Chemist: 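Provided herewith is a single structure, encoded as structure tokens, for subsequent inquiry.
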Amino acid sequence: MNLVVGAILIFLLGLTGTSSSRVLELSDKFIDISNDGVWFVKFYAPWCAHCRRMEPIWAHVAQSLYNTPIKVAKVDCTRFTAVATHFKVRAYPTIMFIKGEFRHVYSGERVEDDMVNYAMRMAQPAVQKVSHADSLGYLKETHNVFFGYIGKQHGPLWEMFSVHAEKYQAHSWFYALSYEIAKKDLRPPNETAVFVYKEEEIYYFKPNADLLQDRDTLNVTLNKWVNSERFGFFPKITRSNINDLMDTEKFIVIAVVSENKLKEISQTERDFKDMIENIIRNRKHELHHRFQFGWMGNPELANSIAMSELTVPHLIVLNSTTSHHHMPDDDPVLMTPEAVSIFLDLIHNQMAPTYGGNSWLVRMYRGFFEARTTLINMWQGNPVLTALVFGLPLGFLSLICYSICCADILDADEEETPETHEKKD
């Protein structure tokens with residue numbers, strides 16, 4: 001019976017993949033069955049280079065999730081345009097988690113571990129219950145960061161915790177446990193509390209009594225706290241998460257290095273990156289409320305922030321509330337941990353020089369800098385194509401302008417004045 005059901009499912013899905021891949025290839029029949037089960041789907045186009053590069057990664061994701069209820073699949077949107085229209089696909093590849101009527105577009109890094117953890121989180125309830133004290137040890141071993149609610153599951157704090165668990169489910173894990181389970185290992189300050197476990201450290205959300213009575217203020221305050229605490233002490237900063245980091249309202253301390261295609265960096269860059277990481281780990285109780293540390297493997301993103309070509313390794317501190325940035329006057333390679341700490345203290349005390357910002361003049365210059373950088377990269381990557389892309393439109397524009405100007409000159413030569421006409425008569 002199970003074999004018959006499996007055969008029918010494969011037929012309905014329009015499976016065309018080989019046995020070596022766990023990825024299901026979907027057809028337009030997916031529209032009718034998408035509400036059944038849990039799906040993790042890649043919408044792609046065969047001509048898309050990003051889609052082709054992601055193909056082996058997606059196969060590994062399918063292999064990792066094979067023994068779970070999550071079905072990993074892909075659909076060719078150039079063949080099955082109705083599917084792309086139905087799911088409102090606007091770009092390729094689009095990765096979407098589908099569970100019944102619920103749909104969520106994945107926006108994180110397209111690496112196997114991140115996508116597998118995302119799918120596993122989204123397949124579970126937003127808040128998972130912890131019923132045994134031994135489970136806490138397992139959670140600490142398997143999660144670098146997770147949030148927890150301690151106490152009876154009612155009241156404004158529980159309601160707000162549940163709301164934000166659903167909001168941030170795509171980014172972090174959320175659990176609920178009783179005070180009896182938590183009191184020995186977590187030592188909560190009250191019988192009802194919200195905490196975050198972050199790389200062997202526990203930090204509690206500390207609202208006052210008046211805040212618990214004002215739901216609107218509690219909602220805003222808890223939202224800011226969860227968003228600012230959901231990152232590890234030293235995450236990798238990319239284009240996919242930098243906007244989320246900007247919402248933390250902290251100073252973002254970025255160690256800038258340059259990864260090659262194999263994700264490798266030089267020994268000098270590694271030493272510098274390790275030094276910056278050690279600063280936050282050694283002073284985390286003092287710094288983590290004001291500073292969010294991280295590292296960046298793509299200098300182009302840092303160059304866009306600084307609006308200049310930075311040498312690597314480099315150090316840049318971004319003010320997430322004003323969009324200003326700070327850079328040390330000294331060569332970052334020669335800086336010691338003590339010098340970096342003094343630099344951060346100057347920033348916190350508003351004594352360090354500031355650059356950039358969010359004024360219209362800065363935005364214009366940043367747009368010009370990014371356009372120039374894009375053009376240079378295009379020319380270095382493929383000068384012939386770049387010349388065609390920009391040369392042909394300019395050539396046509398020149399012909400049009402020339403034709404307009406020449407037409408005016410010819411018309412002027414052919415015009416006769418009244419005096420000339422009278423002389424001819």
Side-chain angles (χ1 to χ4, degrees), residues 35-40 61 64-72 95-108 112-205 207 218-219 222-232 235 244:
N35 289 340
D36 300 331
V38 181
W39 299 88
F40 199 26
V61 170
S64 298
L65 296 174
Y66 180 66
N67 292 322
T68 72
I70 305 169
K71 293 184 280 289
V72 180
I95 303 170
M96 188 177 297
F97 181 87
I98 303 170
K99 184 178 180 181
E101 296 292 336
F102 175 78
R103 302 171 189 173
H104 187 271
V105 176
Y106 176 75
S107 59
E112 179 186 351
D113 289 343
D114 288 359
M115 290 191 288
V116 168
N117 288 332
Y118 163 84
M120 293 295 292
R121 278 197 306 271
M122 300 301 288
Q124 303 292 333
V127 180
Q128 301 180 58
K129 305 299 190 297
V130 177
S131 55
H132 300 286
D134 296 340
S135 301
L136 279 174
Y138 173 77
L139 294 180
K140 292 179 180 180
E141 291 176 1
T142 55
H143 303 332
N144 287 331
V145 179
F146 67 87
F147 292 88
Y149 174 89
I150 300 171
K152 297 180 179 179
Q153 297 170 17
H154 61 78
L157 186 59
W158 164 251
E159 293 174 7
M160 291 300 104
F161 181 82
S162 301
V163 167
H164 294 299
E166 293 182 3
K167 179 178 180 179
Y168 291 103
Q169 184 181 9
H171 306 286
S172 192
W173 300 87
F174 292 81
Y175 296 93
L177 57 159
S178 68
Y179 177 77
E180 294 300 322
I181 292 176
K183 65 179 181 180
K184 181 179 179 180
D185 193 12
L186 303 181
R187 298 179 181 178
N190 302 298
E191 292 189 1
T192 301
V194 172
F195 71 92
V196 59
Y197 172 84
K198 185 182 297 190
E199 301 177 21
E200 301 182 358
E201 296 289 338
I202 296 175
Y203 301 95
Y204 282 94
F205 175 64
L218 177 61
N219 179 37
L222 184 59
N223 178 68
K224 288 183 178 180
W225 183 80
V226 171
N227 186 64
S228 65
E229 296 292 348
R230 64 187 177 91
F231 299 97
D244 294 331

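Predicted model, so just to flag it, every value in this text is computed and none were measured.
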Chemist: Less than 4.5 Å apart, any side-chain heavy atom of Tyr175 and any of Leu136?
Modeler: no

Chemist: Any chance you could measure His164, atom NE2, to Glu166, atom CD, to the nearest 0.5 Å?
Modeler: 11.0 Å

Chemist: Going through the checks in order, is the side-chain contact (heavy atoms from CB on, under 4.5 Å) test met by Arg230 and Val196?
Modeler: CA-CA 8 Å; Arg230 64 187 177 91; Val196 59; over 6 Å; no

Chemist: Would you confirm whether Asn227, through its side chain, and Asn223, through its main-chain N or O, come within 3.5 Å as a donor-acceptor pair?
Modeler: no

Chemist: Which residue is it: Tyr203, Trp173, Tyr197? I am looking for the one with a ring pair (Phe, Tyr, Trp, His ring centres under 6.0 Å) to Phe146.
Modeler: Tyr197

Chemist: Please confirm whether His104 and Tyr118 have ring centers closer than 6.0 angstrom.
Modeler: yes

Chemist: Where do Ile98 and Gly100 come nearest, in terms of heavy atoms and distance?
Modeler: CG2-O, 3.9 Å

Chemist: Checking the side chain of Arg121 only, and the main-chain atoms of Ala170 only, is there a donor and an acceptor separated by less than 3.5 Å?
Modeler: yes

Chemist: Go through the steps to decide whether Thr192 and Trp158 satisfy the test side-chain contact (heavy atoms from CB on, under 4.5 Å), and finish with yes or no.
Modeler: CA-CA 9 Å; Thr192 301; Trp158 164 251; over 6 Å; no

Chemist: Taking all non-hydrogen atoms of both residues into account, name the closest pair between Lys71 and Trp39 and its distance.
Modeler: CE-CZ2, 3.2 Å

Chemist: Taking the side chain as everything from C-beta on, heavy atoms only, tell me whether Phe102 gets closer than 4.5 Å to Phe97.
Modeler: yes

Chemist: Considering only heavy atoms from C-beta outward, does the side chain of Gln153 approach that of Val127 to under 4.5 Å?
Modeler: no

Chemist: Looking only at heavy atoms, what is the nearest atom pair of Met115 and Ile95, with distance?
Modeler: SD-CD1, 3.7 Å

Chemist: Find the distance between CG (Leu65) and CE (Met120) and round it off to the nearest 0.5 Å.
Modeler: 7.0 Å

Chemist: Is the closest side-chain heavy-atom distance between Pro188 and Phe195 below 4.5 Å?
Modeler: no

Chemist: Tell me if a side-chain donor or acceptor on Tyr179 pairs with a main-chain N or O of Ala182 at a distance below 3.5 Å.
Modeler: no

Chemist: When you compare the side chains of His132 and Tyr138, does any donor N or O come within less than 3.5 Å of an acceptor on the partner?
Modeler: no

Chemist: Does Asp244 reach the side chain of His171, with side-chain heavy atoms less than 4.5 Å apart?
Modeler: yes

Chemist: Which heavy-atom pair separates Ser64 from Val116 by the least distance, and what is that distance?
Modeler: CB-CG2, 3.8 Å

Chemist: Does the side chain of Asp185 reach to within under 4.5 Å of the side chain of Lys140, using non-hydrogen atoms?
Modeler: yes

Chemist: Does Lys224 have more than 12 heavy atoms from other residues, nucleotides or ligands lying within 6.0 Å of its NZ?
Modeler: no

Chemist: Could you give the distance from CE (Met160) to CG (Leu218), rounded to the nearest 0.5 Å?
Modeler: 6.5 Å

Chemist: Which pair of heavy atoms, one from Ile70 and one from Ala123, lies closest together, and at what distance?
Modeler: CD1-CB, 3.8 Å

Chemist: To the nearest 0.5 Å, what is the distance between CD (Glu180) and CD (Glu191)?
Modeler: 8.0 Å

Chemist: Shortest non-hydrogen contact from Arg187 to Lys184?
Modeler: CG-O, 4.0 Å

Chemist: Just by modelled atom types, is the Glu229 backbone N or O under 3.5 Å from a matching donor or acceptor in the Lys198 side chain?
Modeler: yes

Chemist: Answer whether the closest heavy-atom distance between the side chains of Phe174 and Val226 falls below 4.5 Å.
Modeler: yes

Chemist: Can Tyr149 and Leu157 be said to form a side-chain contact (heavy atoms from CB on, under 4.5 Å), step by step?
Modeler: CA-CA 9 Å; Tyr149 174 89; Leu157 186 59; 4.1 Å; yes

Chemist: With a 4.5 Å limit on heavy-atom distance, are the side chains of Leu177 and Leu186 in contact?
Modeler: yes

Chemist: Rounded at 0.5 Å granularity, tell me how far CZ in Phe205 sits from CZ in Phe161.
Modeler: 11.5 Å

